[in-house]
4 protein chains.
Amino acid sequence: MTQGRRGAVRSEAARISILQATAAQFAARGWDHLAIEGIAAAAGVSKQTIYRWWPSKAGLVADCLLEGLLLPESFVPADTGDLRADLTAWLTTVFVFADEPGNAVLFRSLVAAAAEDEQVGLQVRDALGASSALQARLETARALGELDADAPLQQISDALVGVIVLHVITRASTAPELPGRLVHAVTGSHRSPRG
Amino acid sequence: MTQGRRGAVRSEAARISILQATAAQFAARGWDHLAIEGIAAAAGVSKQTIYRWWPSKAGLVADCLLEGLLLPESFVPADTGDLRADLTAWLTTVFVFADEPGNAVLFRSLVAAAAEDEQVGLQVRDALGASSALQARLETARALGELDADAPLQQISDALVGVIVLHVITRASTAPELPGRLVHAVTGSHRSPRG
Amino acid sequence: MTQGRRGAVRSEAARISILQATAAQFAARGWDHLAIEGIAAAAGVSKQTIYRWWPSKAGLVADCLLEGLLLPESFVPADTGDLRADLTAWLTTVFVFADEPGNAVLFRSLVAAAAEDEQVGLQVRDALGASSALQARLETARALGELDADAPLQQISDALVGVIVLHVITRASTAPELPGRLVHAVTGSHRSPRG
Amino acid sequence: MTQGRRGAVRSEAARISILQATAAQFAARGWDHLAIEGIAAAAGVSKQTIYRWWPSKAGLVADCLLEGLLLPESFVPADTGDLRADLTAWLTTVFVFADEPGNAVLFRSLVAAAAEDEQVGLQVRDALGASSALQARLETARALGELDADAPLQQISDALVGVIVLHVITRASTAPELPGRLVHAVTGSHRSPRG
DNA sequence: TCCTAAGCGAGACGGTACGTCCGGTCTTTGC
DNA sequence: GCAAAGACCGGACGTACCGTCTCGCTTAGGA
């Protein structure tokens, strides 16, 4: 009944090995010194096996992001009932992680990769929480009246994620009070404190 | 009187030709297909002349930015007395420029270059107005009471520039109302309308 | 009684299809651009089916020669009673065939294949008539007294075939009188005309 | 006054090193396992330096032949006044050399290379003496009356060289009397012994 | 009638080499 | 002493085949 595809089946071991090697090399050498040959060698795989399944090194990186091999936790803001505190904590976490010397190269490389490939761009945006988790947190806050009913949630989350990206690009040093000020700037007083 | 250095002096013609060729190739082929050999050929210059004066292709791009060869006008927000309107107009200008098909590659490449090189990163940030012009406009607004006295100006401008960068990365399509909503998100109600 | 082998039997259709594809590809692309994958594709056969039955591409070519798929007629000298005339005619035929633009590649490739593989080497030699037909014609001539009783028949035929091979290798152009002169050189006056 | 070409000059060391490596690899691995990458590695040279100066591996081999790196002595027949003896000695020398186990691969590879490339073909023919030295010896013999005035010298030498090539191809074993019989066959009685 | 061995197509896999591009360095010549 | 021309070593690109190896199916004797 099944239409019966013939021929050997794709090697899952090879797939995993390739993605892990990609993640390792990407973190170690950065986006534009990332070499398919290097990945193949590190993965113990022939180049052709990579080219058979991925169109480019961008595709490899996008898949690594999908599998969570590059950004291990996917930065989910907590929900303690206090939106600003939660966002500040979340932003602090991201900044601390991104400023970790080992991760700085990784983050910059992610931005570079995102700039050169649409897939990676979207993946990075999601991985930084822009779409799902962060959005959800904002919606909760709006439902609870912490934000105005017409607050531009999408734009708020874009601003937050954008700030992270800009931070990565400019290699700005992070003062401890920065996340709080950023959250303050971005959430403004969409819910008037006096309201 | 002159302290007497002998030998030929640096050729200004070569310098200009190189930077112009860099700008042209950068816009045409993007950051990571930008080749020093290609620049040298297009500039009618030997590779050595490039390596003698610049340490890397990032340095070339940084110099192009400095000379305004890549972002011809440096996006300066107007000052009509209405901060939100001015910022919205400014943001619209930037988005329109960035979404121009010919400029999209350029912008993405700038982000990629910025991510890989600190010099370029800072240069890009300034070129997008984050430091000087945008900052000045915000200060004016604060002085006029459009913003609270303790409004986090630096963070507001970072959020705006960050949003631009994120927009470039994710290749998001721009709805006409988007700049307004972003400005709304970022300027929030730092000065309460009811205050 | 039968020693009992079970399982499907070798597909004659596949065998033929493979040899025909080999012959076609060999004539079209030459010996060292001859690809097993190409043969398999052209024959509508899997690579494994080829490797199951032949050890190498040389084996394939040798089999093609055996089946007469490469040198359709096996150049046989006529016997009109005049040895020199017969050999000249035969040599002319071979030269004309070999100089045919479509066949030149084929001949050169045959020599290349012969040089790299013993089986093919012997097969080619036979196909050019060195052993059987040519030899037989010389023996007839000797029996009739056209050649001395102690004429070195084997060496005469080797010289003739060798000249063909050299001609193929050097891509020499063929003057019409060349075959006659060669026959003259090689048969010399083993039977003295004055004798 | 000199027309003045600028830029670094071709490295003679590299040229020599490449040709020597080619000769070594060719003798060791044969024509169709001869790899440009292998030559480059053995010569301590980048691939580009090879491709800059030679169009193909055939060109490399042809140059090796020109420089005498493959066939060290260029097989010149002696002149003792006895043509047949000289040719027999010469042919014996060639056969002995070609049957040397180390040289057999070399000779076969030369034939293969010659079959695939015209330059190499002509070079091989010359190196085997067909054109100059052998021809000269035959002319001397004709002048002395050892050969008829109208003896087809070119064809005689072609037959001799052709026999060598055929010998190489068919991997025939060489009986000691073979060269004599071949010379007998080829020189026949162009000068009638009774004349 | 099953069982089992073999043939066969498809095709994934680790490799080797291809010929090209470009990086960064060095050398030669001319101004 | 700068600049052009350009050769050089090295590393990676993406492609083509190699020969081996599963897969899932078909074919054809023995049990």
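These numbers come from the heavy atoms of this one structure, side chains and all, not from hydrogens, waters or symmetry mates. So you know, we letter chains A, B, ... as the sequences are listed, proteins then strands, and number each from 1.
Closest contact between the side chain of B/Ala35 and the listed nucleotides F/dG14, E/dG23, F/dG19 involves E/dG23. Taking only side-chain atoms of D/Ala8, from C-beta outward, the nucleotide of E/dG23, F/dG30, E/dT27 with the closest atom is E/dT27. Which of E/dA12, F/dA12, F/dC18 sits closest to the side chain of A/Arg52 comes down to E/dA12.
Remark: B/Leu110 CG to B/Asn103 CG distance equals 10.0 Å, nearest 0.5 Å.
The distance from atom CD1 of C/Ile50 to atom P of F/dT20 is 13 Å, rounded to the nearest whole Å. In this structure, the CZ atom of D/Arg15 is 19 Å from the C1' atom of F/dC9, given to the nearest Å. Spacing between atom CD1 of C/Ile36 and atom P of E/dA10 amounts to 17 Å, rounded to whole angstrom units. Distance, A/Asp32 CG to E/dG23 P: 11 Å, rounded to whole Å. Regarding A/Lys57, its NZ atom lies at a distance of 9 Å from the P atom of F/dG14, rounded to whole Å. A straight line from NE2 of A/His33 to P of E/dC22 spans 16 Å, rounded to a whole angstrom. Note: CZ (A/Arg10) to C1' (E/dG14) measures 16 Å, nearest angstrom.
One finds no side-chain N or O of D/Arg5 lying less than 4.0 angstrom from the OP1 or OP2 phosphate oxygen of F/dA5. Residue C/Arg6 has no polar side-chain atom (N or O) positioned under 4.0 Å from OP1 or OP2 of E/dC3. Remark: B/Trp53 is in phosphate contact with F/dA3, judged by side-chain N or O atoms under 4.0 Å from OP1 or OP2.
Nearer the 5' end of DNA chain F, as judged by each residue's closest nucleotide, is the contact made by B/Glu12, out of B/Glu12 and C/Pro55. The nearest heavy atom of DNA chain E to D/Tyr51 and to B/Gln48 marks one nucleotide each, and the one closer to the 5' end goes with D/Tyr51. Mapping D/Gly7 and A/Glu37 onto DNA chain F via the closest heavy atom, the residue that lands nearer the 5' end is D/Gly7.
In this structure, the side chain of C/Arg29 does not engage the main chain of C/Ala27 through any donor-acceptor pair within 3.5 Å. In terms of modelled atom types and a separation under 3.5 Å, the side chain of C/Ser17 and the main chain of C/Ala43 share a donor-acceptor contact. The closest donor-acceptor contact from the side chain of D/Lys57 to the backbone of D/Leu34 lies under 3.5 Å.
Annotation: side chain of B/Tyr51 is in contact with side chain of B/Ile36 (closest heavy-atom distance under 4.5 Å). Annotation: side chain of C/Ser109 is in contact with side chain of C/Phe26 (closest heavy-atom distance under 4.5 Å).
Interface residues of residues 17-31 of chain D facing DNA chain F, ordered by number: none; criterion, heavy-atom separation under 4.0 Å.
Interface remark: the A/Lys47 side chain does not form any donor-acceptor pair with the E/dG14 base, using a distance-only criterion of under 3.5 Å.
Look at A/Glu118 and B/Arg108 and you find no salt bridge, because none of the NZ, NE, NH1 or NH2 atoms lies under 4.0 Å from a carboxylate O. For B/Arg15 and B/Glu67, the salt-bridge test passes: some basic side-chain N is under 4.0 Å from an acidic carboxylate O.
Here D/Gly38 lies out of heavy-atom contact (under 4.0 Å) with every strand. The residue B/Thr49 sits close only to the backbone: its heavy atoms come under 4.0 Å of sugar-phosphate atoms, none of a base.
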